[in-house]
Amino acid sequence: MTVRVRFAPSPTGYLHLGAARAALFNYLYARKTGGRFLLRIEDTDLARSTEESTRSILDGLQWLELGHDEEIVFQSENAEKHRATAKRLLEEGKAYRDFTQKAAPSDLNVKDQIRERARQNQGEKNMRDNEYRDLSKQESDDRAAAGEPFAIRLKVGTASDSDRVSLKTSFTDAVYGLQERAYAETEDLVLLRSDGHPLYNLAVVCDDIEMQITHVIRGQDHLTNTHKQILIYEALGVTPPTFAHLPLILAPNKGKLSKRKHGEVVSLTTYRDAGFLAAAFRNFLALLGWSTGEEKEIYSLEELIEKFSLDGVHRSNAVFNFTENDPRKWTDDKAQWMNAEYIRTMPLDELLPFVKAELKSAKLWREEYDPEGRALTSTVPSTRAADFQTDDEERPENLAFDIPEIGSHDWYVRTVDLIRQRFFTLKDFSSQGRAYFSEDYDFDPAAIDKNLTKFPDLRVWLPELADRFETEFGDVEAAADSPRVSSPHVSKGSSRKPFTELNIETVVKAFTEEKATKLGVIMNGARTLLTGVAVGPSMLSVFETLGVERTVMRLRSRVAWN
RNA sequence: GUCCGGUUCGUCUAGGGGUUAGGACACCGCCCUUUCACGGCGGCAACACGGGUUCAAAUCCCGUACCGGAUACCA
């Protein structure tokens, strides 16, 4: 029998992290077993369900790339079938009409109400004391015919079962093991409200049967519901599916992770919008409450599928760690680390489309960055000074041919590769990395303070360095020709040196010695002026990447000083 | 209240009778260095508690504590 699993969220809000993880586990299990992953929107609570929420859930699943295999089922559309099932159970004597008046709403919130009622009962409550439970069929029919409102309740542990050895429901959970619950602990649950509205447990069972679900993988908060559902399966004469309950994801205080209390951190789309890579977040989510047992953290989707097993799911809840008032720790450290890890180490050509999308949305994208009929990633030989440190003798004399044209596809690819080393999210490409793609970038006040204001001499030195660069590397004619996309760093027919790391290094070092200052002072001052921030790759790479024109222009700029 | 589940570094976790209790993140230190949130090396840090069983318990059993879930004419 092929495995059929489903993710069944109720559209009463955004896609919660815990729900997203449940979806992931269902998906992984389906893929692992060659089964089908289905989606069912449990929108029977009309008052709370919204279309917007459904869309947000679908968005989230799409972002995580958890594609479902068949048409989405909307539970509300099956209400008629649910009612029919309840009626059938009524006919068969497995359920009964309860004519008790619906309880009036109280001021207490629902949870407190429930607890309060339970406390008053002091555990003395007999779950079978409903006066309508054994009403004669005749009287029940008559009262119904007379228009008296009633709910339909399941008869739990009826007389026909009395020959059983033990009056309990039991099932073996794939995660939590053998679960047993005495009938005495389970109330005669309502299947159909007095207004004819089918209730959750009935709807779930009917739909799972109809969708031929073989494995129900869901949050541990449904563990006790399972007993009720099994009762319904039994009444219906259907073999229940296998159940696998997942541990919950808790807030740092070990309480429930909720939007009310914790806000956006709980919503999956927050991570999409914050520049997380779906692959990274999926990886992180997979490791909350499940592990392979290996000492390994980074798993591709394919690996997750290959390794996934319900045996590896934990029984204890996991804490999703974050600190509310600390911007650096707004979400789980490990999630942030994992995202950074993906950005820094994933194959460049897989990252590129995401960077493109980010730059586009920040209006920093230029069509020239797209490859022009070339292979997506061309291998560009390194010109980085660091790569030649071992053997000075072999430093190439002229690397001009290796330097991609500023603003070209090759330049773009190389730049992304250069700057991604210190980035955490895709957003960084348009914020921290903005200066690489635009003249319109901001200056971090802290960087200005630390690297410029402290050294007033730089006011003079930096423009002077610009002059030096211009005489050593500049190409006035070419600059005039194309002000935006400059030509390579070698001027035609001139003997000027190419603007490469090695050459730049020589010039800057000489300049530093002249000024009798430290290299760091010049470099960091230049970094701040050129990129607006205090952190980044090697300054020599930055110079080269920006090109001589932009370097000269920015070194002369006074914007940051005021 | 009752029922069910859980408890290994701050967090995610490995380990399921004999381990110097392992890894990752975070944190701290050192190194590299022109900066840094890159990289390298290192450090801090845990078996909830009490009883058993056993030659031997983080591991098995019982109890306690604490945490979580459920308990609805919500889903």
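We name chains A, B, ... by the order of the sequence lines, and we start the count at 1 in each one.
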Practice task
Using a 4.0 Å heavy-atom cut-off across all strands, classify A/Arg527 as base, sugar-phosphate, or nothing.
Solution key: base
Exercise for the section: Looking at every strand, decide which applies to A/Ser538 at a 4.0 Å heavy-atom threshold: base, sugar-phosphate, or nothing. Expected result: base
Practice task
Among B/U11, B/C36, B/U71, find the nucleotide with the atom closest to the side chain of A/Arg422.
Solution key: B/C36
Exercise for the section: Indicate yes or no: does A/Asp332 engage A/Lys334 in a salt bridge with an N to O separation below 4.0 Å. Expected result: no
Exercise for the section: From the options B/C73, B/U35, B/G68, select the nucleotide whose nearest atom is closest to the side chain of A/Asn524. Expected result: B/U35
Handout entry: Nucleotide nearest A/Asp45 when distance is taken to its side chain, options B/U11, B/C73, B/A75
Key = B/A75
Practice task
Look at all strands and tell whether A/Lys329 reaches a base, only sugar-phosphate, or nothing, counting heavy atoms closer than 4.0 Å.
Solution key: sugar-phosphate
Practice task
Remember a base hit wins even if backbone is also touched, and classify A/His245 as base, sugar-phosphate or nothing at under 4.0 Å, heavy atoms.
Solution key: nothing
Exercise for the section: Using a heavy-atom cut-off of under 4.0 Å over every strand shown, decide if A/Gly219 touches base, sugar-phosphate, or nothing. Expected result: nothing
Exercise for the section: Using a 4.0 Å heavy-atom cut-off across all strands, classify A/Gly293 as base, sugar-phosphate, or nothing. Expected result: sugar-phosphate
Handout entry: Options B/C36, B/G6, B/U11, nucleotide nearest the side-chain atoms of A/Asn321
Key = B/U11
Fill in the blank from the handout: Across every strand shown, the nucleotide meeting Watson-Crick or G-U wobble geometry with B/U34 (both distances under 3.5 Å) is none
Exercise for the section: Kindly say whether, by distance alone, the side chain of A/Thr224 makes a donor-acceptor pair under 3.5 Å with the base of B/C3? Expected result: no
Handout entry: Complementary nucleotide for B/U64 - Watson-Crick or wobble, under 3.5 Å
Key = B/A48
Problem - Whether A/Thr169 side chain and A/Arg181 backbone form a donor-acceptor pair below 3.5 Å - result: yes
Problem - Touch class at under 4.0 angstrom, heavy-atom based, for A/Lys450 against every strand present - result: sugar-phosphate
Practice task
Provide, to the nearest angstrom, the distance between the CD atom belonging to A/Gln220 and the P atom belonging to B/A70.
Solution key: 8 Å
Problem - B/C4 OP1/OP2 closer than 4.0 Å to side-chain N/O of A/Arg315 - result: no
Practice task
Measure distances between side-chain N and O atoms of A/Lys254 and base N and O atoms of B/C67, and say whether any donor-acceptor pair falls under 3.5 Å.
Solution key: no
Completion exercise
Taking B/C3, B/A24, B/A72 as options, the one with an atom nearest any side-chain atom of A/Glu185 is B/C3
Completion exercise
Across every strand shown, the nucleotide meeting Watson-Crick or G-U wobble geometry with B/U53 (both distances under 3.5 Å) is none
Exercise for the section: Nearest-nucleotide wise, let me know which of A/Pro9 and A/Lys334 is further upstream toward the 5' end of RNA chain B. Expected result: A/Lys334
Practice task
Mind checking A/Tyr176 for me? I need base, sugar-phosphate or nothing, with any heavy atom below 4.0 Å counting as a touch.
Solution key: sugar-phosphate
Problem - Sugar-phosphate, base or nothing in reach of A/Ser316, heavy atoms under 4.0 Å - result: sugar-phosphate
Completion exercise
Picking from B/C12, B/C36, B/G68, the nucleotide nearest the side-chain atoms of A/Leu250 would be B/G68
Exercise for the section: Please check if the distance between the ring centroids of A/Trp290 and A/Phe308 is under 6.0 Å. Expected result: yes
Exercise for the section: Name the closest nucleotide to the A/Lys256 side chain, picking from B/A24, B/G69, B/U11. Expected result: B/G69
Practice task
Quick one: label A/Thr186 by what it contacts on the DNA or RNA (base, sugar-phosphate, nothing), any heavy atom closer than 4.0 Å.
Solution key: nothing
Handout entry: Distance flag, aromatic centroids of A/Phe243 and A/Tyr176, threshold under 6.0 Å
Key = no
Handout entry: Side-chain N,O (A/Ser291) to OP1/OP2 (B/U13) below 4.0 Å
Key = no
Practice task
Apply the ring-ring contact (aromatic ring centres under 6.0 Å, His included) test between A/Trp330 and each candidate in A/Phe320, A/Tyr271, A/Phe322; give the one that qualifies.
Solution key: A/Tyr271
Practice task
Using the C1' atom as the reference point in each nucleotide, state the distance between B/A58 and B/A48 in Å, no decimals.
Solution key: 12 Å
Handout entry: Atom-pair distance (CD on A/Glu295; P on B/C12), nearest Å
Key = 17 Å
Problem - A/Thr44 side chain near B/A75 phosphate (N/O to OP1/OP2, under 4.0 Å) - result: yes
Problem - Partner nucleotide, any strand, of B/U19 [Watson-Crick/G-U, under 3.5 Å] - result: none
Exercise for the section: Could you tell me whether A/Tyr96 and A/Tyr132 have their ring centroids closer than 6.0 angstrom? Expected result: no
Exercise for the section: Measure centre to centre between the rings of A/Phe284 and A/Phe276, then say whether the value is under 6.0 Å. Expected result: no
Exercise for the section: Looking at every strand, decide which applies to A/Gln179 at a 4.0 Å heavy-atom threshold: base, sugar-phosphate, or nothing. Expected result: sugar-phosphate
Problem - Watson-Crick or G-U wobble partner of B/A24, both distances under 3.5 Å - result: B/U11
Exercise for the section: For nucleotides B/G15 and B/A56, find the distance between their P atoms and express it as a whole number of Å. Expected result: 26 Å
Practice task
Would you kindly compare A/Leu248 and A/Asp43 by the position of their nearest RNA chain B nucleotide and give the one closer to the 5′ end?
Solution key: A/Leu248
Handout entry: Nucleotide nearest A/Gln432 (side chain, heavy atoms from C-beta), chosen from B/U11, B/A37, B/G69
Key = B/A37
Practice task
Give one of base, sugar-phosphate or nothing for A/Pro247, where a contact means two heavy atoms less than 4.0 Å apart.
Solution key: nothing
Exercise for the section: Scan every strand shown for a Watson-Crick or G-U wobble partner of B/G1, both distances under 3.5 Å, and answer none if you come up empty. Expected result: B/U71
Exercise for the section: Could you tell me whether A/Asn225 contacts a base, only the sugar-phosphate backbone, or nothing, with contacts defined as non-hydrogen atoms closer than 4.0 Å? Expected result: base
Handout entry: Within 6.0 Å of CD in A/Glu52, more than 12 heavy atoms from elsewhere
Key = no
Handout entry: Nearest to side-chain heavy atoms of A/Leu540, which nucleotide of B/A75, B/A26, B/U34
Key = B/U34
Problem - C1' gap between B/A46 and B/G10, integer Å - result: 10 Å
Handout entry: Touch class at under 4.0 angstrom, heavy-atom based, for A/Arg153 against every strand present
Key = sugar-phosphate
Completion exercise
The nucleotide from B/G69, B/A75, B/U34 with an atom nearest the side chain of A/Leu199 is B/A75
Practice task
Taking only Lys NZ, Arg NE, NH1 and NH2, and the carboxylate oxygens of Asp or Glu, determine whether A/Glu294 and A/Lys307 approach each other closer than 4.0 Å.
Solution key: yes
Problem - Protein-nucleotide distance (A/Asn317, atom CG; B/G5, atom P), rounded to Å - result: 14 Å
